Amino acid sequence: MNYKHVTVAGSGVLGSQIAFQTAFKGFNVSVYDINDEVIERAKERFMNLKQRYQEDLGATQKDVDAAYERISFYSDLSEAVADADLVIEAIPEVVQSKMDFYRQLGKVAPEKTIFATNSSTLLPSQFAEATGRPEKFLALHFANEIWKNNTAEIMKHSGTDMKVFDEIIEFAKAIGMVPLPLHKEQPGYILNSLLVPFLEAAEMLLLKEVADVETIDKTWMIATGAPLGPFAILDVVGISTAYNIVQAKAKATGNKDFKKLAELLKTEYIDQGKLGRGTGEGFYTYPNPQFMKPDFLQG
Ligand code: NAD
(Lines give C-alpha, C1' and ligand atoms only; values in the text may rest on other atoms or scores of the structure.)
Protein backbone atom coordinates (compact mmCIF):
# COMPACT_ATOMS: atom_id res chain seq x y z
CA MET A 1 0.00 0.00 0.00
CA ASN A 2 1.65 3.21 -1.05
CA TYR A 3 -1.20 5.66 -0.95
CA LYS A 4 -0.09 9.18 -0.22
CA HIS A 5 -2.89 11.36 -1.38
CA VAL A 6 -6.50 10.80 -0.38
CA THR A 7 -9.54 12.75 -1.58
CA VAL A 8 -12.71 12.79 0.51
CA ALA A 9 -15.87 13.70 -1.40
CA GLY A 10 -18.56 15.24 0.82
CA SER A 11 -17.54 17.31 3.83
CA GLY A 12 -20.58 16.67 6.04
CA VAL A 13 -20.73 14.76 9.33
CA LEU A 14 -18.77 11.70 8.22
CA GLY A 15 -16.73 13.19 5.39
CA SER A 16 -15.16 15.80 7.66
CA GLN A 17 -14.30 13.13 10.25
CA ILE A 18 -12.76 10.79 7.64
CA ALA A 19 -10.74 13.65 6.17
CA PHE A 20 -9.47 14.85 9.54
CA GLN A 21 -8.57 11.37 10.79
CA THR A 22 -6.70 10.62 7.56
CA ALA A 23 -4.77 13.90 7.76
CA PHE A 24 -4.12 13.34 11.48
CA LYS A 25 -2.37 10.10 10.53
CA GLY A 26 -0.07 11.89 8.10
CA PHE A 27 -1.74 11.66 4.67
CA ASN A 28 -2.31 14.60 2.36
CA VAL A 29 -6.06 15.06 2.04
CA SER A 30 -8.17 16.93 -0.49
CA VAL A 31 -11.72 17.69 0.57
CA TYR A 32 -14.27 18.09 -2.20
CA ASP A 33 -17.81 19.46 -1.85
CA ILE A 34 -20.36 21.03 -4.17
CA ASN A 35 -19.63 24.73 -3.63
CA ASP A 36 -17.54 27.22 -1.70
CA GLU A 37 -20.29 28.01 0.77
CA VAL A 38 -20.46 24.38 1.92
CA ILE A 39 -16.67 24.30 2.07
CA GLU A 40 -16.72 27.26 4.46
CA ARG A 41 -19.12 25.34 6.72
CA ALA A 42 -16.80 22.34 6.54
CA LYS A 43 -13.95 24.48 7.84
CA GLU A 44 -16.01 25.12 10.97
CA ARG A 45 -16.49 21.37 11.38
CA PHE A 46 -12.73 20.94 11.27
CA MET A 47 -12.28 23.56 14.03
CA ASN A 48 -14.67 21.54 16.15
CA LEU A 49 -12.86 18.29 15.33
CA LYS A 50 -9.53 19.83 16.36
CA GLN A 51 -11.04 20.48 19.76
CA ARG A 52 -12.54 16.97 20.06
CA TYR A 53 -9.17 15.35 19.24
CA GLN A 54 -7.56 17.40 22.00
CA GLU A 55 -10.27 16.59 24.54
CA ASP A 56 -10.86 12.94 23.68
CA LEU A 57 -7.43 11.78 22.55
CA GLY A 58 -5.14 14.21 24.35
CA ALA A 59 -3.78 15.42 20.99
CA THR A 60 -1.64 18.56 21.22
CA GLN A 61 -2.44 21.87 19.52
CA LYS A 62 0.62 21.25 17.33
CA ASP A 63 -0.71 17.83 16.22
CA VAL A 64 -4.15 19.08 15.27
CA ASP A 65 -2.76 22.17 13.55
CA ALA A 66 -0.41 19.96 11.52
CA ALA A 67 -3.32 17.69 10.56
CA TYR A 68 -5.36 20.67 9.38
CA GLU A 69 -2.37 21.96 7.38
CA ARG A 70 -2.38 18.71 5.39
CA ILE A 71 -5.98 19.33 4.22
CA SER A 72 -6.81 21.32 1.08
CA PHE A 73 -10.27 22.27 -0.14
CA TYR A 74 -11.88 22.08 -3.57
CA SER A 75 -15.23 22.67 -5.20
CA ASP A 76 -13.94 21.42 -8.57
CA LEU A 77 -13.89 17.63 -8.79
CA SER A 78 -11.15 17.34 -11.45
CA GLU A 79 -8.80 19.47 -9.36
CA ALA A 80 -9.72 17.61 -6.16
CA VAL A 81 -8.80 14.20 -7.57
CA ALA A 82 -5.92 15.15 -9.89
CA ASP A 83 -3.36 13.48 -7.63
CA ALA A 84 -5.58 11.01 -5.73
CA ASP A 85 -4.52 7.45 -4.93
CA LEU A 86 -7.84 6.92 -3.20
CA VAL A 87 -11.21 8.74 -3.23
CA ILE A 88 -13.50 8.11 -0.26
CA GLU A 89 -17.07 9.10 -1.06
CA ALA A 90 -19.25 10.40 1.78
CA ILE A 91 -22.02 12.23 -0.08
CA PRO A 92 -25.73 11.93 0.87
CA GLU A 93 -27.40 8.53 0.94
CA VAL A 94 -29.38 9.15 -2.26
CA VAL A 95 -28.98 6.61 -5.06
CA GLN A 96 -29.23 9.10 -7.93
CA SER A 97 -26.75 11.54 -6.33
CA LYS A 98 -24.20 8.79 -5.86
CA MET A 99 -24.82 7.44 -9.37
CA ASP A 100 -24.23 10.89 -10.93
CA PHE A 101 -21.19 11.42 -8.75
CA TYR A 102 -19.52 8.13 -9.75
CA ARG A 103 -20.20 8.70 -13.46
CA GLN A 104 -18.48 12.07 -13.25
CA LEU A 105 -15.69 10.83 -10.99
CA GLY A 106 -14.92 7.89 -13.29
CA LYS A 107 -14.30 10.35 -16.11
CA VAL A 108 -12.03 12.79 -14.30
CA ALA A 109 -10.00 10.64 -11.88
CA PRO A 110 -6.59 9.27 -12.93
CA GLU A 111 -6.55 5.62 -13.94
CA LYS A 112 -4.69 4.55 -10.78
CA THR A 113 -7.31 5.97 -8.40
CA ILE A 114 -9.24 3.57 -6.15
CA PHE A 115 -12.81 4.53 -5.17
CA ALA A 116 -14.44 3.64 -1.84
CA THR A 117 -17.96 4.40 -0.66
CA ASN A 118 -18.86 5.10 2.96
CA SER A 119 -22.53 4.37 2.27
CA SER A 120 -24.38 2.84 5.24
CA THR A 121 -27.30 1.22 3.42
CA LEU A 122 -26.48 1.04 -0.29
CA LEU A 123 -24.38 -1.73 -1.82
CA PRO A 124 -21.24 -1.14 -3.92
CA SER A 125 -22.60 -3.34 -6.74
CA GLN A 126 -25.29 -0.67 -7.30
CA PHE A 127 -22.60 1.79 -8.43
CA ALA A 128 -19.85 -0.51 -9.72
CA GLU A 129 -20.68 0.00 -13.40
CA ALA A 130 -21.15 3.76 -13.02
CA THR A 131 -17.58 4.08 -11.72
CA GLY A 132 -16.21 2.72 -15.01
CA ARG A 133 -13.65 0.74 -12.93
CA PRO A 134 -15.58 -1.88 -10.92
CA GLU A 135 -12.39 -3.76 -10.01
CA LYS A 136 -11.06 -0.67 -8.21
CA PHE A 137 -14.25 0.01 -6.25
CA LEU A 138 -15.52 -1.23 -2.86
CA ALA A 139 -17.12 -0.04 0.39
CA LEU A 140 -15.15 1.40 3.30
CA HIS A 141 -17.63 2.13 6.06
CA PHE A 142 -16.80 4.14 9.16
CA ALA A 143 -18.76 4.75 12.34
CA ASN A 144 -19.73 8.20 13.59
CA GLU A 145 -17.02 9.71 15.84
CA ILE A 146 -14.39 7.79 13.91
CA TRP A 147 -11.52 8.84 16.21
CA LYS A 148 -13.12 6.92 19.12
CA ASN A 149 -15.35 4.37 17.38
CA ASN A 150 -12.60 3.16 15.09
CA THR A 151 -14.22 0.38 13.09
CA ALA A 152 -13.71 0.20 9.34
CA GLU A 153 -15.99 -2.31 7.65
CA ILE A 154 -14.41 -3.10 4.29
CA MET A 155 -16.77 -4.79 1.86
CA LYS A 156 -16.03 -5.98 -1.66
CA HIS A 157 -18.56 -6.56 -4.39
CA SER A 158 -18.14 -9.56 -6.67
CA GLY A 159 -15.98 -7.61 -9.13
CA THR A 160 -13.56 -5.96 -6.67
CA ASP A 161 -9.92 -6.92 -7.25
CA MET A 162 -8.51 -8.76 -4.18
CA LYS A 163 -5.37 -6.64 -4.39
CA VAL A 164 -7.49 -3.51 -3.92
CA PHE A 165 -9.38 -5.16 -1.04
CA ASP A 166 -6.07 -5.99 0.69
CA GLU A 167 -4.67 -2.50 0.09
CA ILE A 168 -7.73 -0.90 1.68
CA ILE A 169 -7.32 -3.15 4.72
CA GLU A 170 -3.75 -1.82 5.04
CA PHE A 171 -4.93 1.75 4.52
CA ALA A 172 -7.58 1.38 7.24
CA LYS A 173 -4.87 0.23 9.66
CA ALA A 174 -2.64 3.12 8.62
CA ILE A 175 -5.31 5.64 9.62
CA GLY A 176 -5.83 4.04 13.03
CA MET A 177 -8.90 1.92 12.28
CA VAL A 178 -9.56 -1.72 13.10
CA PRO A 179 -10.22 -3.25 9.67
CA LEU A 180 -13.21 -5.59 9.50
CA PRO A 181 -13.19 -7.33 6.11
CA LEU A 182 -16.47 -8.55 4.56
CA HIS A 183 -15.83 -10.96 1.69
CA LYS A 184 -19.38 -10.76 0.35
CA GLU A 185 -21.92 -7.99 0.01
CA GLN A 186 -24.19 -7.75 3.02
CA PRO A 187 -26.80 -5.01 3.57
CA GLY A 188 -26.03 -3.41 6.95
CA TYR A 189 -22.49 -4.81 6.95
CA ILE A 190 -21.62 -6.85 10.08
CA LEU A 191 -22.63 -4.39 12.78
CA ASN A 192 -26.13 -3.56 11.63
CA SER A 193 -26.78 -7.15 10.55
CA LEU A 194 -26.35 -8.00 14.23
CA LEU A 195 -27.59 -4.86 15.93
CA VAL A 196 -30.82 -4.11 14.07
CA PRO A 197 -32.49 -7.52 14.69
CA PHE A 198 -31.18 -7.52 18.29
CA LEU A 199 -32.68 -4.12 19.07
CA GLU A 200 -35.93 -5.02 17.30
CA ALA A 201 -36.24 -8.19 19.39
CA ALA A 202 -35.91 -6.11 22.57
CA GLU A 203 -38.46 -3.56 21.32
CA MET A 204 -40.91 -6.38 20.52
CA LEU A 205 -40.61 -7.74 24.07
CA LEU A 206 -41.56 -4.28 25.33
CA LEU A 207 -44.41 -3.87 22.82
CA LYS A 208 -45.90 -7.23 23.79
CA GLU A 209 -45.57 -6.31 27.49
CA VAL A 210 -43.47 -9.39 28.19
CA ALA A 211 -41.14 -7.41 30.45
CA ASP A 212 -40.16 -3.80 31.19
CA VAL A 213 -37.13 -1.91 29.85
CA GLU A 214 -34.98 -2.42 32.91
CA THR A 215 -35.68 -6.15 33.23
CA ILE A 216 -34.83 -6.71 29.56
CA ASP A 217 -31.55 -4.77 29.82
CA LYS A 218 -30.65 -6.39 33.13
CA THR A 219 -31.16 -9.87 31.64
CA TRP A 220 -28.79 -9.13 28.78
CA MET A 221 -26.18 -7.45 30.97
CA ILE A 222 -26.04 -10.14 33.66
CA ALA A 223 -26.24 -13.09 31.29
CA THR A 224 -23.61 -11.90 28.82
CA GLY A 225 -21.48 -9.47 30.83
CA ALA A 226 -22.26 -6.72 28.31
CA PRO A 227 -21.89 -3.17 29.67
CA LEU A 228 -25.14 -1.98 28.05
CA GLY A 229 -28.51 -3.57 27.39
CA PRO A 230 -30.53 -3.04 24.20
CA PHE A 231 -32.53 -0.05 25.51
CA ALA A 232 -29.40 1.70 26.72
CA ILE A 233 -27.97 1.14 23.22
CA LEU A 234 -31.17 2.49 21.65
CA ASP A 235 -30.72 5.67 23.69
CA VAL A 236 -27.26 6.08 22.13
CA VAL A 237 -28.45 5.31 18.58
CA GLY A 238 -31.36 7.74 19.04
CA ILE A 239 -35.03 6.84 19.10
CA SER A 240 -35.74 8.73 15.85
CA THR A 241 -33.36 6.42 14.00
CA ALA A 242 -34.97 3.36 15.57
CA TYR A 243 -38.39 4.75 14.61
CA ASN A 244 -37.32 5.34 10.98
CA ILE A 245 -36.10 1.76 10.64
CA VAL A 246 -39.25 0.26 12.19
CA GLN A 247 -41.53 2.56 10.19
CA ALA A 248 -39.81 1.61 6.92
CA LYS A 249 -40.19 -2.06 7.78
CA ALA A 250 -43.87 -1.59 8.66
CA LYS A 251 -44.45 0.05 5.27
CA ALA A 252 -42.45 -2.49 3.30
CA THR A 253 -43.95 -5.60 4.92
CA GLY A 254 -47.36 -4.44 6.18
CA ASN A 255 -46.52 -6.27 9.42
CA LYS A 256 -48.94 -5.17 12.18
CA ASP A 257 -46.44 -5.55 15.01
CA PHE A 258 -43.96 -3.21 13.32
CA LYS A 259 -46.78 -0.73 12.78
CA LYS A 260 -47.73 -0.85 16.47
CA LEU A 261 -44.09 -0.57 17.47
CA ALA A 262 -43.65 2.53 15.30
CA GLU A 263 -46.73 4.07 16.97
CA LEU A 264 -45.41 3.28 20.43
CA LEU A 265 -42.01 4.86 19.71
CA LYS A 266 -43.70 7.94 18.27
CA THR A 267 -46.37 8.61 20.89
CA GLU A 268 -44.52 7.58 24.04
CA TYR A 269 -41.03 8.82 23.19
CA ILE A 270 -40.57 11.04 20.13
CA ASP A 271 -43.71 13.20 20.66
CA GLN A 272 -42.62 13.72 24.26
CA GLY A 273 -39.14 14.87 23.28
CA LYS A 274 -37.56 11.68 24.63
CA LEU A 275 -35.15 11.09 21.76
CA GLY A 276 -32.38 9.35 23.64
CA ARG A 277 -29.13 10.25 25.32
CA GLY A 278 -28.66 13.41 23.23
CA THR A 279 -31.82 15.01 24.68
CA GLY A 280 -31.21 13.81 28.24
CA GLU A 281 -34.07 11.33 28.13
CA GLY A 282 -35.09 8.27 26.15
CA PHE A 283 -35.76 4.91 27.72
CA TYR A 284 -33.60 6.16 30.62
CA THR A 285 -32.93 9.64 32.02
CA TYR A 286 -29.39 11.07 31.89
CA PRO A 287 -26.75 11.84 33.13
CA ASN A 288 -27.40 9.20 35.81
CA PRO A 289 -29.41 6.44 34.16
CA GLN A 290 -30.75 3.61 36.26
CA PHE A 291 -28.52 1.02 34.59
CA MET A 292 -25.37 2.82 35.78
CA LYS A 293 -26.39 2.59 39.46
CA PRO A 294 -24.20 0.16 41.39
CA ASP A 295 -27.13 -1.98 42.55
CA PHE A 296 -28.81 -2.25 39.11
CA LEU A 297 -27.43 -5.70 38.49
CA GLN A 298 -27.92 -6.91 42.06
CA GLY A 299 -31.64 -7.49 42.17
P1 NAD B 1 -24.11 14.85 5.44
O2 NAD B 1 -25.43 15.24 4.91
O3 NAD B 1 -23.68 15.32 6.79
O4 NAD B 1 -22.98 15.31 4.40
C5 NAD B 1 -23.05 15.11 3.02
C6 NAD B 1 -22.14 16.11 2.32
O7 NAD B 1 -22.07 15.77 0.94
C8 NAD B 1 -22.65 17.54 2.39
O9 NAD B 1 -21.58 18.40 2.77
C10 NAD B 1 -23.09 17.85 0.95
O11 NAD B 1 -22.92 19.20 0.57
C12 NAD B 1 -22.15 16.96 0.17
N13 NAD B 1 -22.58 16.62 -1.18
C14 NAD B 1 -23.83 16.51 -1.69
N15 NAD B 1 -23.78 16.14 -2.99
C16 NAD B 1 -22.46 16.05 -3.32
C17 NAD B 1 -21.76 15.74 -4.50
N18 NAD B 1 -22.38 15.43 -5.63
N19 NAD B 1 -20.41 15.76 -4.46
C20 NAD B 1 -19.75 16.05 -3.31
N21 NAD B 1 -20.36 16.37 -2.16
C22 NAD B 1 -21.69 16.36 -2.17
O23 NAD B 1 -24.07 13.25 5.36
P24 NAD B 1 -23.25 12.20 6.27
O25 NAD B 1 -24.03 11.90 7.48
O26 NAD B 1 -21.84 12.66 6.38
O27 NAD B 1 -23.36 10.90 5.35
C28 NAD B 1 -22.59 10.76 4.18
C29 NAD B 1 -22.46 9.29 3.84
O30 NAD B 1 -21.86 8.61 4.95
C31 NAD B 1 -23.78 8.57 3.58
O32 NAD B 1 -23.60 7.63 2.54
C33 NAD B 1 -24.08 7.88 4.90
O34 NAD B 1 -24.83 6.68 4.72
C35 NAD B 1 -22.69 7.54 5.37
N36 NAD B 1 -22.54 7.35 6.83
C37 NAD B 1 -23.09 8.24 7.72
C38 NAD B 1 -22.94 8.02 9.09
C39 NAD B 1 -23.50 9.00 10.11
O40 NAD B 1 -23.55 8.64 11.30
N41 NAD B 1 -23.89 10.21 9.73
C42 NAD B 1 -22.20 6.91 9.55
C43 NAD B 1 -21.62 6.04 8.61
C44 NAD B 1 -21.81 6.27 7.25
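Both ligands and their constituent atoms are indexed starting at 1 by order of listing. Excluded from the calculations below are hydrogen atoms, water molecules and symmetry mates; all remaining heavy atoms, backbone and side chain alike, are included. For the single chain, residues carry numbers from 1 onward in sequence order. These numbers come from a predicted model, not from an experiment.
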* Structure fact -> Judged by heavy atoms only, the candidate from L14, V237, I39 nearest atom 38 (C) of ligand 1 is L14
* With ring centroids as reference points, do F171 and F27 lie under 6.0 angstrom apart? -> yes
* What residue and atom, counting heavy atoms only, is the protein's closest point to atom 4 (O) of ligand 1, and at what distance? -> G12 CA, 3.2 Å
* K218 to F296 six-membered ring, cation-pi geometry met (6.0 Å, 45°) -> yes
* Among all protein non-hydrogen atoms, which one is nearest to atom 14 (C) of ligand 1, and what is the separation to 0.1 Å? -> P92 CD, 3.2 Å
* Asked: So does E44 pair up with R41, basic N to acidic O under 4.0 Å?
  -> no
* atom 23 (O) of ligand 1 protein-contacted (non-hydrogen atom, under 4.0 angstrom) -> no
* Asked: Got a salt bridge between D85 and K112, using NZ or NE/NH1/NH2 to carboxylate O under 4.0 Å?
  -> yes
* At what distance is the nearest protein heavy atom to atom 19 (N) of ligand 1, and which residue and atom is it? -> Y32 CE2, 3.4 Å
* Asked: So, H157 side chain and P134 main chain: donor-acceptor pair closer than 3.5 Å or not?
  -> yes
* Can an N or O of R45 be found at a distance shorter than 3.5 Å from an N or O of ligand 1? -> no
* Looking only at protein heavy atoms, identify the closest one to atom 43 (C) of ligand 1 and say how far it is in Å. => F142 O, 3.1 Å
* Are Q21 and Y53 close enough that a side-chain donor and a side-chain acceptor fall under 3.5 Å? -> yes
* Structure fact -> One finds that the ligand 1 atoms under 4.0 Å from a non-hydrogen atom of N144 are 40 (O)
* **Heavy atom of the protein closest to atom 9 (O) of ligand 1 (residue, atom name, distance)** => D33 OD2, 2.7 Å
* For ligand 1, is there an atom lying under 4.0 Å from some heavy atom of S97? -> no
* Asked: Would you call the rings of Y286 and F291 parallel, tilted or perpendicular if under 30° counts as parallel and over 60° as perpendicular?
  -> perpendicular
* **V38: numbered ligand 1 atoms lying under 4.0 Å from its heavy atoms** => 9 (O), 11 (O)
* Asked: Could a heavy atom of K98 be found less than 4.0 Å from some atom of ligand 1?
  -> yes
* Determine, using the 4.5 Å side-chain heavy-atom cutoff (strictly less than), whether I168 and V87 are members of one ILVMFWY cluster. => no
* Do E89 and Y102 get their side chains close enough for a donor-acceptor pair, meaning under 3.5 Å? -> yes
* Can you check whether a protein heavy atom sits less than 4.0 angstrom from atom 27 (O) of ligand 1? -> no
* To do: Please report which non-hydrogen protein atom sits nearest to atom 44 (C) of ligand 1, along with the residue it belongs to and the distance in Å to one decimal place.
  => S120 OG, 2.9 Å
* Asked: For ligand 1, is there an N or O atom under 3.5 Å from any N or O atom of T121?
  -> no
* Asked: What about V13: any of its N or O atoms under 3.5 Å from an N or O on ligand 1?
  -> yes
* Structure fact -> If you scan protein heavy atoms around atom 33 (C) of ligand 1, the nearest is E93 OE1, 3.7 Å
* Asked: Going by the atom numbers of ligand 1, which of them fall below 4.0 Å from some non-hydrogen atom of H141?
  -> 43 (C), 44 (C)
* Asked: Looking at atom 30 (O) of ligand 1, what's its closest protein heavy atom, distance included?
  -> N118 ND2, 2.9 Å
* **Donor-acceptor pair, side chain of E185 and main chain of L123, under 3.5 angstrom** => no
* To do: Give me the ring orientation class for F73 and F46: parallel if the planes are under 30° apart, tilted from 30 to 60°, perpendicular past 60°.
  => perpendicular
* To do: May I ask you to decide whether D83 forms a salt bridge with K4, counting only side-chain N to carboxylate O separations under 4.0 Å?
  => no
* Verify atom 2 (O) of ligand 1: protein non-hydrogen atom under 4.0 angstrom away -> no
* Would you say the side chains of D65 and Q61 form a donor-acceptor pair under 3.5 Å? -> yes
* Asked: Side chain, backbone, both or neither: which part of R41 has a heavy atom under 4.0 Å from ligand 1?
  -> neither
